[in-house]
Amino acid sequence: MPKKELKAEYRPGGAQRHVILDKAVQYLLDPRFGLQGDKMHFLLEEVGLSETEYLEALNRAASGEGAW
């Protein structure tokens, strides 16, 4: 099954990239999505976050910034 492509506004440098990063924080906080290694792989390989973006999202999740 081919990978879905993000719209231009959600890609790095796009006007709506912050939406993807905010969702990544929520994803990291949700225990239903498995182990941290699985989440890291998904965000880096499937969503296309850079390592820097992933670490930023992880830091925000650890600090409770994305808590509901």
Side-chain angles (χ1 to χ4, degrees):
M1 184 156 138
K3 239 168 60 167
K4 289 185 177 182
E5 292 289 324
L6 290 174
K7 292 181 181 178
E9 64 261 25
Y10 295 107
R11 291 187 193 138
Q16 296 296 316
R17 186 63 174 182
H18 66 90
V19 173
I20 298 297
L21 298 175
D22 291 343
K23 287 184 179 197
V25 172
Q26 292 299 320
Y27 176 77
L28 289 167
L29 287 169
D30 197 327
R32 295 178 295 167
F33 297 117
L35 301 174
Q36 193 62 38
D38 297 331
K39 293 176 184 181
M40 178 180 162
H41 174 78
F42 177 77
L43 291 172
L44 292 176
E45 301 299 323
E46 301 298 325
V47 175
L49 293 186
S50 68
E51 287 187 26
T52 302
E53 289 173 326
Y54 168 75
L55 291 173
E56 177 186 331
L58 185 61
N59 186 46
R60 287 175 53 198
S63 70
E65 186 176 320
W68 308 346

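We number each residue from 1, following the sequence as shown. Heavy-atom basis, side chains included; hydrogens, waters and symmetry copies ignored.
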request  = Indicate the atoms forming the closest heavy-atom contact of Ala24 with Leu43, along with that distance.
outcome  = CB-CD2, 4.0 Å
query = Which atoms form the tightest heavy-atom contact between Leu28 and Ala61, and what is the distance?
reply = CB-CB, 4.1 Å
query = Do the side chains of Val19 and Val25 join up, straight or via other hydrophobic residues, at under 4.5 Å, putting them in one cluster?
reply = no
key: salt bridge (Lys or Arg N to Asp or Glu O under 4.0 Å) contacts in which one or both residues fall within residues 14-29, not counting sequence neighbours   = Arg17-Glu53, Asp22-Arg60
Leu58 side, atom CG; Gln36 side, atom CD - distance, nearest 0.5 Å = 5.5 Å
key: Hphob cluster co-occupancy, Ile20 + Met40, side-chain heavy atoms under 4.5 angstrom   = yes
query = Can you list every salt bridge (Lys or Arg N to Asp or Glu O under 4.0 Å) pair that touches residues 40-51, not counting sequence neighbours?
reply = none
query = Hey, any chance Tyr10 and Leu44 share a hydrophobic cluster, counting ILVMFWY side chains that come within less than 4.5 Å of each other, even indirectly?
reply = yes
task = Quick one: which residue pairs count as a ring-ring contact (aromatic ring centres under 6.0 Å, His included) with a foot in residues 23-60, not counting sequence neighbours?
result = Tyr27-Phe33, Tyr27-Phe42
